[in-house]
Enquirer: 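Pasting in a structure now, in structure tokens, and then I'll have a few things to ask.
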Amino acid sequence: MSIWEEHPLARAFWNNGSAGIPIYDMHGHMGTLNTIYFARAEAAAMVAHLKRIGVKHLTFSHHYALFEPSFRNSRVHEICREFPDILRMYVAINPHYPDHIREDLAQFDAWAPFAVGLKLLPDYHATPACDPKYEYALAFAEERRLPVLCHTWGHSQNNGFPQLMKIVVKYPHITFFIAHCLFGDWEGAARLVHESPGNVYLELTAVPGERDVLENLTAAVGSERLIFGTDLPWFDEYQAVGGVLSAKITENDMRNIFYANVERILGKEW
Amino acid sequence: MRELFFYDAMCAAGMPLHGGNVAATPEALLAEMDYYGIDRALVRHVNLDAAGAVLSNRVLADFLRSDSSGRLRGVWCILPEQCDELPGPDEFFRDMKQNRIGAITLSPFAHRWIPCRETIGKIMDAAAERHIPVLLDAFTGKWNELYNFVRMFPRNITFAMDRSKHGPDRLLRPLLENFENFHYVISCHWVPEGIRDLAERYGAHRLLYGSDYPFFSHGSMMLPLKQSALPEADIARIAGGNLNQLLEEAQL
Ligand SMILES: [Zn+2]
């Protein structure tokens with residue numbers, strides 16, 4: 001018998017399209033960015049896709065807030081209000097606009113419950129994650145014990161192991177979501193978890209479907225340190241969920257990844 | 001589950017040059033396929049680039065000879081005609097049939113030749129006559145070269161894939177639109193609901209399930225196909241019906 005018949009979670013997704021469990025997708029984007037073709041990058045189409053598979057919350061940073069400085073986070077808040085049950089936002093931090101950072105974070109509380117944390121994109125903003133330009137935002141997150149999703153990639157000069165190691169140690173009260181698990185530098189990803197003060201989670205965007213990686217990460221850091229993400233609208237929810245279900249890990253590991261870890265961090269209602 | 005027949009169009013096995021977790025025997029590959037519910041597979045030799053066409057074709061034939069399940073078919077690699085390293089088309093295709101080989105591939109960038117009519121025109125024309133599929137795995141990520149190749153050999157049944165994870169629609173759709181014999185293997189089509197978009201626009205007969213094992217897990221693209229919201233008949237064609245039909249129509 002295949003996993004799609006034998007494993008209860010896999011069987012449910014296979015037969016019904018969803019499994020009656022909450023899924024927290026902690027790494028999304030939004031916005032029809034025409035640097036690539038997107039058919040479904042606006043809120044309504046994304047929400048329809050998310051609902052099919054049972055995503056309870058997508059926490060996202062908007063492409064425009066990341067890539068076009070004139071598009072401010074306040075507009076992302078407006079989008080969240082249109083889909084209040086499902087959408088949550090990371091405040092996108094562009095280190096080259098300190099005034100924007102201060103203005104946006106001054107509104108953070110007013111954006112509750114939609115704003116849940118911050119998003120850093122060091123490679124694309126050509127600024128190392130440990131650069132002083134991020135200090136104001138990170139100190140804000142430290143004081144409020146917020147999650148910060150930071151883009152990472154193995155051996156990057158801006159968001160590789162050394163840059164991330166500096167900030168996860170410096171800000172022990174921030175919950176760091178390591179986007180893409182330092183993709184390719186799996187040893188560095190495990191070291192980040194083991195050598196940090198317990199505040200690091202590896203976020204899985206682009207990993208499920210790769211052979212053996214999820215199995216090895218689970219063995220190295222434990223599934224309690226892994227959280228689910230897709231980069232939607234870049235990647236399909238069914239591909240990412242199918243990739244997790246295809247990994248040779250336990251059902252308990254899968255439940256940790258899909259929802260249990262996030263509920264331990266943020267609670268069940270947020 | 002069992003109502004859906006999966007035929008993997010893009011899979012490699014054997015002993016990899018640099019080691020690693022790859023099915024080295026038919027039993028190991030079949031166990032992996034069974035874990036995910038894959039019925040049949042079209043198999044290339046994983047070490048084709050380094051070991052060269054002649055040796056890897058022979059090793060793959062031995063691999064298939066040791067399989068008693070009948071669920072595996074092979075893919076042999078071709079070479080330019082001028083150096084007489086492989087027999088002419090008639091003999092080559094006869095050997096393919098005797099060795100359970102159902103399709104051909106080529107690796108011009110690793111094997112030091114130019115993919116064009118001058119080098120492989122005769123065997124490609126013969127393959128087109130006989131409807132023998134041609135796997136273009138060597139062109140993955142080389143879109144310029146892929147466009148040129150498909151333009152040169154529009155009569156051949158070709159299979160290509162992507163491996164970038166980022167949606168290739170701008171690169172892919174012109175090929176599907178202009179070349180009716182061009183088929184796309186969905187192994188890395190991670191675009192949200194993208195399988196449905198392609199099938200609705202170009203027809204489900206142009207798409208093939210493939211795992212791209214050992215690069216990706218067999219399971220990676222099974223669930224998005226099953227949940228693509230396409231009609232069940234289209235899902236069945238993409239999962240395995242199309243490839244099964246194409247291989248049956250090949251005149252070896
Ligand atoms: Zn991202």
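Reminder, nothing fancy here: chain letters follow the sequence lines and each chain counts from 1. In this text the structure is predicted, and so the values were computed from the model without any measurement.
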Enquirer: Would you say the side chain of T230(A) lies within less than 4.5 Å of the side chain of W190(B), judging by non-hydrogen atoms?
Expert: no

Enquirer: Is it the case that atom CD in E180(B) sees more than 12 heavy atoms from other parts of the structure closer than 6.0 Å?
Expert: no

Enquirer: If you count heavy-atom pairs under 4.5 Å with chain B, which of A240(A), A247(A), G209(A) comes out on top?
Expert: G209(A)

Enquirer: List the atom of P192(B), the atom of D236(A), and the distance in Å for their closest heavy-atom pair.
Expert: CA-OD2, 3.3 Å

Enquirer: Indicate the atoms forming the closest heavy-atom contact of S220(B) with S246(A), along with that distance.
Expert: N-OG, 4.0 Å

Enquirer: Could you tell me whether Q157(A) atom CD has more than 12 heavy atoms of other residues or ligands within 6.0 Å of it?
Expert: no

Enquirer: Answer yes or no: are there more than 12 heavy-atom neighbours, outside M15(B) itself, under 6.0 Å from its atom CE?
Expert: no

Enquirer: With a 4.5 angstrom heavy-atom cut-off, is it the side chain or the backbone of N16(A) that approaches chain B, or both, or neither?
Expert: backbone

Enquirer: For L232(A), is it the side chain, the backbone, both, or neither that has a heavy atom closer than 4.5 Å to a heavy atom of chain B?
Expert: side chain

Enquirer: Please indicate whether Y124(A) has more than 12 foreign heavy atoms, meaning atoms of other residues, nucleotides or ligands, lying under 6.0 Å from its OH.
Expert: no

Enquirer: Which bit of E210(A) is near chain B, if near means a heavy-atom gap under 4.5 Å: side chain, backbone, both or neither?
Expert: both

Enquirer: Identify the two heavy atoms, one from W14(A) and one from L4(B), that lie closest to each other, and give their separation to 0.1 Å.
Expert: CZ2-CD2, 4.0 Å

Enquirer: Which region of I53(A), side chain (C-beta onward) or backbone (N, CA, C, O), has a non-hydrogen atom less than 4.5 Å from a non-hydrogen atom of chain B, or is it both or neither?
Expert: neither

Enquirer: Any chance CD of E78(A) has more than 12 other-residue heavy atoms, nucleotides or ligands included, within less than 6.0 Å?
Expert: yes

Enquirer: Which bit of M1(A) is near chain B, if near means a heavy-atom gap under 4.5 Å: side chain, backbone, both or neither?
Expert: backbone

Enquirer: Give, as side chain, backbone, both or neither, the part of A206(A) having an atom under 4.5 angstrom from any heavy atom of chain B.
Expert: both

Enquirer: Taking all heavy atoms of Y36(B) and all of K248(A), pick out the closest pair and write down the distance.
Expert: OH-CE, 3.9 Å

Enquirer: Please flag which part of R11(A) lies under 4.5 Å from any non-hydrogen atom of chain B: side chain, backbone, both or neither.
Expert: neither

Enquirer: Please report the interatomic distance CZ(F216(B)) to CZ(R211(A)), rounded to the nearest 0.5 Å.
Expert: 11.5 Å

Enquirer: Taking the inter-plane angle between the rings of Y35(B) and H7(A) on a 0 to 90° scale, is it parallel (under 30°), tilted (30 to 60°) or perpendicular (over 60°)?
Expert: perpendicular

Enquirer: Please say whether more than 12 non-hydrogen atoms of neighbouring residues, nucleotides or ligands are located less than 6.0 Å from CZ in R81(A).
Expert: no

Enquirer: Just verifying a value: how many Å separate Y238(A) OH and L225(B) CG, rounded to the nearest 0.5 Å?
Expert: 12.5 Å

Enquirer: Using a 4.5 Å cut-off on heavy atoms from C-beta on, say whether the side chain of K226(B) contacts that of F13(A).
Expert: no

Enquirer: Let's test your reading of the structure: which of G167(B), S211(B), P224(B), P168(B) forms the most heavy-atom pairs below 4.5 Å with chain A?
Expert: P224(B)

Enquirer: Do you know which two heavy atoms are closest between E193(B) and H49(A), and how far apart they sit?
Expert: OE2-ND1, 2.6 Å

Enquirer: In Å, rounded to the nearest 0.5 Å, how long is the span from CG of L214(A) to OG of S217(B)?
Expert: 10.0 Å

Enquirer: Side chains of H166(B) and F235(A): closer than 4.5 Å at any heavy-atom pair?
Expert: yes

Enquirer: Side-chain contact test, heavy atoms from C-beta onward, threshold under 4.5 Å: evaluate it for D197(B) versus R40(A) and give yes or no.
Expert: yes

Enquirer: Considering only heavy atoms from C-beta outward, does the side chain of K165(B) approach that of Q239(A) to under 4.5 Å?
Expert: no

Enquirer: Can you establish whether the number of heavy atoms outside E187(A) located under 6.0 Å from its atom CD is more than 12?
Expert: no

